[in-house]
Protein chains: 2
Amino acid sequence: MTVMHLSESTEMYLKAMAELGGQDAIAAARLAERLNVTPVSVNEMVRRLGEQGLVSHIPYKGVRLTKKGREVACNVLRRQRLWECFLYDHLKIEWSQVYEFACSLEHATAPEVTEALAGFLGNPQTCPRGNPIPAADGSFKPLDAMPLSEAKLGEMAQVLAVNATATDVLKYLQEKNILPGRVVTVIEVAPMQGPLTLHVGGKDVALGLSMAEFVLVKKIDK
Amino acid sequence: MTVMHLSESTEMYLKAMAELGGQDAIAAARLAERLNVTPVSVNEMVRRLGEQGLVSHIPYKGVRLTKKGREVACNVLRRQRLWECFLYDHLKIEWSQVYEFACSLEHATAPEVTEALAGFLGNPQTCPRGNPIPAADGSFKPLDAMPLSEAKLGEMAQVLAVNATATDVLKYLQEKNILPGRVVTVIEVAPMQGPLTLHVGGKDVALGLSMAEFVLVKKIDK
DNA sequence: TGGAATAATAAGGTCAACCATAACATTTTT
DNA sequence: AAAAATGTTATGGTTGACCTTATTATTCCA
Ligand SMILES: [Mn+2]
Ligand SMILES: [Mn+2]
Ligand SMILES: [Mn+2]
Ligand SMILES: [Mn+2]
């Protein structure tokens, strides 16, 4: 089984699916949003990925990673998050920029470099955004967390991870103190898909639902 | 002056010209060899680079970097050699593989990352192959060295740098102990473009002239 | 159950970076 | 001064990854 070289584009499609999808099928439109391409382009690409056995597409149901596709995706996530650790911990790059820089490096990283980097970093388990780093064999224990968007009024929760990728979104979350480790309390839930109001770090913060989807939290009792 | 994003291909053409050319014009055929493409492809690309003001082409004379092109090339060399330092000194990657891995990373490295990396490494002046690392402003003092291929019978010289890039060539030079710092003595020069025989590290080594062109040395008196 | 919304396809383009083959121009060598 | 070698241009292809503008198919919902 030769390890063909996959393009940056291919790796990004697979990574996006792993980040969005968990196990279930993903609507092509969601992929299009995240990758900033048109749905037509996603459909074309999905056909190509299907031919390579990386995804399966059930029309009108969605796209799903195959075993092979998931393996590749986990490996991309590993490279990405290891670079995030290096950029943040050793190069002292701005937290909100770490993702985008790592997202370039991930595609230019040979297996030998990935593993040497993991060793250099001491085999970290999570990246600066709180996401778990898949092991070299691809194994991967997903966070036991729920999206903040599902939290109810009055609930307290601890932020475990931020799954956003856009630098401006990350910058916004950083400014508002919505960062891994922080505890937030939901003090208002506006109707009609309106924003959540949170209490965090001594301040009140309004957070739109779609942003809150990318904040993964663990409920705290009491 | 917006810093348009240059493709990997563009960066590799410019870097190859800086590595091969020094100041003078480079024959398109030399570029084609180094980049493993056909001369026709080089001509097409040279046209595109010319339109962007990165090179100037005098037909039948050769291609030459413009000021702007040289700046870009030096910046690519900076990124490349900084990564070489990191991979070799911190990740303990095999000496002969360091170039090829750095050659991927160089195109995926934002300016902020380049400068943070330089700081992390303590602003090194040379890469593991002995080549000088251009400064952040692009300034660059070339080695005061000659190619080993020009050494005369009986001469002693110290290896300053190895300018080869192919992993198998680097592996060969490493095996034969032709590495930065080593002192070599020319004990035979075969006629008809034949190989040099060197004494280095207690052993006699035959080295073809074309490989010797990529070994930069400083003559040692007596 | 019939629209509306959503998803998928079809058709026709673009662009960068490669390829081969052939014709032509210039330089170098004999 | 020819001939040979080298370099350049012209033509015509390919591939991956995008795009737009229809058209068609399916699902969802009132
Ligand atoms: Mn990426
Ligand atoms: Mn390169
Ligand atoms: Mn088409
Ligand atoms: Mn053409």
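Letters A, B, ... are given to chains in the order of the sequence lines, protein chains preceding strands, and every chain is numbered from 1.
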Next on the checklist: By nearest atom, which of the nucleotides D/dT27, C/dT9, C/dC18 is closest to the A/Pro59 side chain?
Outcome noted: C/dT9
Item to check | Nucleotide D/dC18, atom P - distance to CZ of A/Arg48 in whole Å | outcome: 7 Å
Item to check | Interatomic distance where CE belongs to A/Met45 and P belongs to D/dT15 [whole Å] | outcome: 16 Å
Checklist entry - OP1, OP2 of D/dG7 versus side-chain N and O of B/His57: anything below 4.0 Å? => result no
Checklist entry - Can you tell me if B/Glu115 uses its side chain to pair, donor with acceptor, with the backbone of B/Glu112 under 3.5 Å? => result no
Checklist entry - In whole angstrom, what separates A/Leu54's CG from D/dG16's P? => result 14 Å
Item to check | Axial bend angle, the helix from C/dT1-D/dA30 to C/dT30-D/dA1: five-pair end segments, nearest 10° | outcome: 0°
Checklist entry - Atom CG of A/Leu14 and atom P of D/dA17: how far apart are they, to the nearest Å? => result 11 Å
Checklist outcome for this item: Rounded to whole Å, the CG-C1' distance (B/Leu6 to C/dA17) equals 15 Å
Checklist entry - Would the number of heavy atoms belonging to other residues, nucleotides or ligands and lying under 6.0 Å from CG of A/Asp144 be above 12? => result no
Checklist entry - How close or far is atom C1' of D/dC28 from atom NZ of A/Lys61, stated in whole angstroms? => result 11 Å
Checklist outcome for this item: By nearest-nucleotide position on DNA chain D, the 5'-leaning member of B/Glu44 and A/Ser9 is B/Glu44
Checklist entry - Taking for each residue the nucleotide of DNA chain D with the nearest heavy atom, is it A/Tyr60 or B/Asn43 whose nucleotide lies nearer the 5' end? => result B/Asn43
Item to check | SB check B/Lys171 B/Glu175 (cutoff 4.0 Å) | outcome: no
Item to check | Between D/dG16 (P) and A/Glu11 (CD): distance, integer Å | outcome: 16 Å
Checklist entry - If you look only at pairs with a residue in residues 11-22 of chain A, which of them pass as a side-chain hydrogen bond (donor to acceptor under 3.5 Å, both in side chains), with sequence neighbours excluded? => result A/Glu11-A/Arg79, A/Glu11-A/His107, A/Lys15-A/Gln80, A/Lys15-A/Tyr99, A/Lys15-A/Glu106, A/Glu19-A/Arg34
Checklist entry - How would you label the contact of B/Thr38 with the nucleic acid (heavy atoms, under 4.0 Å): base, sugar-phosphate, or nothing? => result sugar-phosphate
Item to check | Test side chain to side chain donor-acceptor pair (under 3.5 Å) applied to B/Glu100 and B/Thr167, step by step | outcome: CA-CA 7 Å; B/Glu100 70 168 307; B/Thr167 302; 2.9 Å; yes
Checklist entry - A/Leu49 has an atom CG; how far is it from atom P of D/dT15, in whole Å? => result 17 Å
Item to check | Ionic contact status for A/Glu33 with A/Arg30, cut-off 4.0 Å | outcome: yes
Checklist entry - So, do A/Phe101 and A/Tyr88 have ring centers that fall under 6.0 Å from each other? => result no
